[in-house]
**Q** 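Quick one: the structure is below, and I'll ask about it shortly.
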Amino acid sequence: MKRREFLAATGSAVGFGLVGGMGFAAVGKAQTFDLKLQRCDFRLRKEMTPDLVSLAPNAPPPVLKARQGEQVVLNVKNALEEYTAMHWHGLRIPNDMDGVPYLTQYPIAQGETFRYSFIPPDAGTYWYHPHCMTMTQMARGLTGVLVIQEIEDPGFDTEQVINLRDFRLDDEDHLLPPYSLRRAARAGTLGNVMTANWLIEPVYNHQSGSLVRLRIVNTDTTRIQRVYLEGGMSKSIAWDGHPLRIPMPAPNKNTPLVMGPGQRVDLAIVMPKSEGQSITVFSRLASNDRVMATLVSEGTNLNRSLDELKPLAPNPVVVPDISSAEIHEFVFGWSPAGVAPKDGFCGSLGKTFWSINRVPWAGDAASGIGPLARLDLGKSYILRFRNESPNTHPIHLHGLAFIPLRSNKRKLLANWSDTMLLLKDEIVDVALVADNLGDWAFHCHIIEHQKTGLAGYIQVV
């Protein structure tokens, strides 16, 4: 509680946001969502699975849609017995709306409502998940997609969201424990039922020859997805919410796209011209390639072309000045198993296995914990990510966007991102402008790693 002075004990309306060098004033009436965290039952496989968690009654978490530059209000009511808090992954919004308990707000108790209110400066594909009781609530299904629509329509006929995530089920389709400590100290605990939008191999119909915006989001707690498409014409247009600065190929069978937990890709696709033909989304596994979802053509051929699309307008993110950038280094690695971190009301796995700069996170409710780095508002910085472990880590930074610069192991594309998939023994430099005030959570998005020490925060002052 003493780590920083809270800006608000409950959510307060934000009428003007300033990030990335551009301010947006609210235009007209705010778009408001009344959301309730609740237990639900849903048929994930053969039998009904009880004790899932969603923002909709007995249904997956909804796709929320708002508009760039327009105020959005999300009233999140907690109907669960345990505490919660909601984070809006990838959005560069005011710090007090970021949803991190004990860092930006108090946890939301049963029966309480927190009012999140902000003006998204960036269009694109984002997502939401709890940042309190993170492991259990995410494993029970509480991950949803948040779409921020562009000010100018890019010209698609329809769009399709694919939310990729695992569940761990027993033979009776009840939830298994979401993790084991042995796996938490290694690569993490994989689910045994892979789903798209909580469904196994769903089929979605789109008009023949139409232009579809396909938004693929990896919201899993652990699994690194290797995604590709077969059928139709496709083009990559955005990565981690932002329009591409550097072209990247559309994922195909020979070169699947590697997506760590938290990462997103937007693809423009042309549906096949004949009714009944399809485009299939695959995930590559060690043993085989798994069908995740299928898009099927129906109706009259619209005969659209990728050339008809308008380029996506860039988001208002300031490009860092590398020549003057100060370097901050962060070492990600193991930590000797230690005392259980202080979890307050937000859950703990009971052990510490991981660390940043060789110090494990002391827990959400621990007091007297300083930032991993202090950045001056408006200045450019290089963050050096050094992985000293044999495991892969998707490193996520809240509230800011960065550009990958270089790696000691591979060529990186300089596209805006908020989550860097760090390979075994890899060293990666990313660059950013510290243009958003506040204390910003900084952690591995394999949730078992986050909850056993691989977490901290960066302060912009």
Side-chain angles (χ1 to χ4, degrees), residues 42-47 49 60 138-139 141 143 145 160-180 182-184 186-206 212 214-234 236 248-267 269 271-272 276-297 390-394 410 419 421 423-424 445-448:
F42 191 81
R43 196 179 305 278
L44 294 169
R45 193 163 54 178
K46 293 181 180 179
E47 305 298 330
T49 298
M138 285 183 65
T143 64
V145 176
Q160 181 64 58
V161 169
I162 301 293
N163 179 355
L164 299 176
R165 53 151 312 125
D166 290 5
F167 291 90
R168 284 178 50 78
L169 303 181
D170 64 18
D171 292 341
E172 297 179 346
D173 289 340
H174 287 206
L175 290 167
L176 288 166
Y179 67 91
S180 74
R182 177 180 175 82
R183 293 190 181 97
R186 292 167 175 79
T189 307
L190 295 175
N192 58 2
V193 177
M194 297 175 66
T195 71
N197 302 332
W198 282 28
L199 302 171
I200 297 176
E201 299 185 20
V203 176
Y204 300 102
N205 294 325
H206 292 271
V212 179
L214 181 61
R215 303 177 187 261
I216 302 177
V217 186
N218 182 1
T219 73
D220 197 60
T221 60
T222 304
R223 186 180 296 278
I224 296 168
Q225 297 279 357
R226 292 166 173 82
V227 175
Y228 69 91
L229 306 184
E230 282 193 347
M233 299 291 293
S234 61
S236 297
M248 56 186 285
N252 57 62
K253 188 171 185 178
N254 294 326
T255 55
L257 179 64
V258 181
M259 301 176 66
Q263 296 190 300
R264 299 87 68 200
V265 66
D266 288 30
L267 303 169
I269 62 175
M271 291 299 296
Q277 292 184 315
S278 62
I279 296 174
T280 305
V281 180
F282 287 91
S283 179
R284 174 155 297 167
L285 307 180
S287 57
N288 64 310
D289 291 356
R290 180 75 59 85
V291 173
M292 298 308 300
T294 304
L295 282 63
V296 177
S297 293
N391 300 110
T392 303
H393 300 288
R410 55 182 164 143
T419 307
L421 188 61
L423 306 180
K424 172 186 174 182
H445 228 287
I446 293 175
I447 305 303
E448 290 157 273

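All heavy atoms count here, side chains included; hydrogens, waters and symmetry mates do not.
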**Q** Would you check if the side chain of Arg264 reaches a backbone N or O of Gly262 as a donor-acceptor pair within less than 3.5 Å?
**A** yes

**Q** Could you check if a side-chain atom of Leu176 sits within less than 4.5 angstrom of a side-chain atom of Asn192, using non-hydrogen atoms only?
**A** yes

**Q** Could you tell me whether the side chain of Phe282 reaches within less than 4.5 Å of the side chain of Lys253, counting heavy atoms only?
**A** no

**Q** I'd like to know if the side chain of Asp220 reaches the main chain of Leu164, judged simply by a donor and an acceptor atom lying under 3.5 Å from each other, with no hydrogens or angles considered.
**A**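 Looks like no, no N/O pair under 3.5 Å.
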
**Q** When you look at Val281 and Tyr204, which way does the side-chain contact (heavy atoms from CB on, under 4.5 Å) test go after all the steps?
**A** CA-CA 11 Å; Val281 180; Tyr204 300 102; over 6 Å; no

**Q** Is the backbone of Arg165 close enough, under 3.5 Å, to the side chain of Thr195 for a donor and an acceptor to pair up by distance?
**A** yes

**Q** Before you tell me yes or no, could you show the steps for Ile279 and Val212 under side-chain contact (heavy atoms from CB on, under 4.5 Å), namely the whole-Å CA-CA distance, both residues' side-chain angles and the distance that decides it to 0.1 Å?
**A** CA-CA 11 Å; Ile279 296 174; Val212 179; over 6 Å; no

**Q** With rounding to the nearest 0.5 Å, note down the distance linking CG in Asp166 to OG1 in Thr219.
**A** 9.0 Å

**Q** State, with a plain yes or no, whether a side-chain heavy atom of Leu257 is found less than 4.5 Å away from one of Met248.
**A**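 Yes, close enough: below the 4.5 Å cut-off.
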
**Q** For atom CG of Asn288, is the number of surrounding heavy atoms from other residues, nucleotides or ligands below 6.0 Å larger than 12?
**A** yes

**Q** Has the side chain of Thr280 got a donor or acceptor atom that lies under 3.5 Å from a matching backbone atom of Thr294?
**A** no

**Q** Determine whether Met194 and Leu285 satisfy the following criterion, side-chain contact (heavy atoms from CB on, under 4.5 Å), listing intermediate values before the conclusion.
**A** CA-CA 11 Å; Met194 297 175 66; Leu285 307 180; 3.8 Å; yes

**Q** Please report the interatomic distance CD(Gln263) to CG(Asn218), rounded to the nearest 0.5 Å.
**A** 8.0 Å

**Q** Hey, is the main chain of Asn254 close enough, under 3.5 Å, to the side chain of Asn252 for a donor-acceptor pair?
**A** yes

**Q** Check the pair Ile269, Leu229 against side-chain contact (heavy atoms from CB on, under 4.5 Å), reporting the backbone distance first and the verdict last.
**A** CA-CA 10 Å; Ile269 62 175; Leu229 306 184; 4.0 Å; yes

**Q** Does the side chain of Thr222 reach to within under 4.5 Å of the side chain of Pro261, using non-hydrogen atoms?
**A** no

**Q** Taking only residues at least two apart or on different chains, which pairs with a member in residues 283-295 satisfy salt bridge (charged side-chain N to carboxylate O under 4.0 Å, His left out)?
**A**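 Output for this query lists Arg284-Asp289.
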
**Q** Applying ring pair (Phe, Tyr, Trp, His ring centres under 6.0 Å), can you list everything that pairs with Phe42, at least two apart in sequence or on another chain?
**A**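 Testing Phe42 for ring pair (Phe, Tyr, Trp, His ring centres under 6.0 Å), a comparison that skips the adjacent residues, returns Trp198.
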
**Q** For Arg215, what residues pass the salt bridge (charged side-chain N to carboxylate O under 4.0 Å, His left out) criterion, not counting sequence neighbours?
**A**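 With sequence neighbours excluded, Arg215 shows a salt bridge (charged side-chain N to carboxylate O under 4.0 Å, His left out) to Glu159, Asp266, given in chain and number order.
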
**Q** Above 12 or not: heavy atoms from other molecules or residues under 6.0 Å from CZ of Arg410?
**A** yes

**Q** Restricting to side-chain hydrogen bond (donor to acceptor under 3.5 Å, both in side chains), what partner residues turn up for Asp173, sequence neighbours left out?
**A**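 Asp173 satisfies side-chain hydrogen bond (donor to acceptor under 3.5 Å, both in side chains) with Arg45 only.
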
**Q** Check whether any side-chain heavy atom of Leu169 sits under 4.5 Å from a side-chain heavy atom of Glu47, and report yes or no.
**A**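 Counting from C-beta outward, Leu169 and Glu47 never come under 4.5 Å.
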
**Q** Would you mind reporting whether Pro251 and Ser236 have side-chain heavy atoms less than 4.5 Å apart?
**A** yes

**Q** Do the side chains of Ile224 and Thr392 get nearer than 4.5 Å, heavy atoms only?
**A** yes

**Q** Tell me whether Ser297 contacts the main-chain N or O of Met271 through its side chain, where contact means a donor paired with an acceptor under 3.5 Å.
**A** no

**Q** Does any part of the side chain of Thr419, heavy atoms only, come nearer than 4.5 Å to the side chain of Pro394, both counted from C-beta?
**A** yes

**Q** Please list, chain by chain and in numerical order, all residues satisfying ring pair (Phe, Tyr, Trp, His ring centres under 6.0 Å) with Tyr179, sequence neighbours excluded.
**A**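 Tyr179: no ring pair (Phe, Tyr, Trp, His ring centres under 6.0 Å) contacts found.
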
**Q** Looking at residues at least two apart in the chain, or sitting in another chain, which of them share a side-chain hydrogen bond (donor to acceptor under 3.5 Å, both in side chains) with Ser283?
**A** Gln225

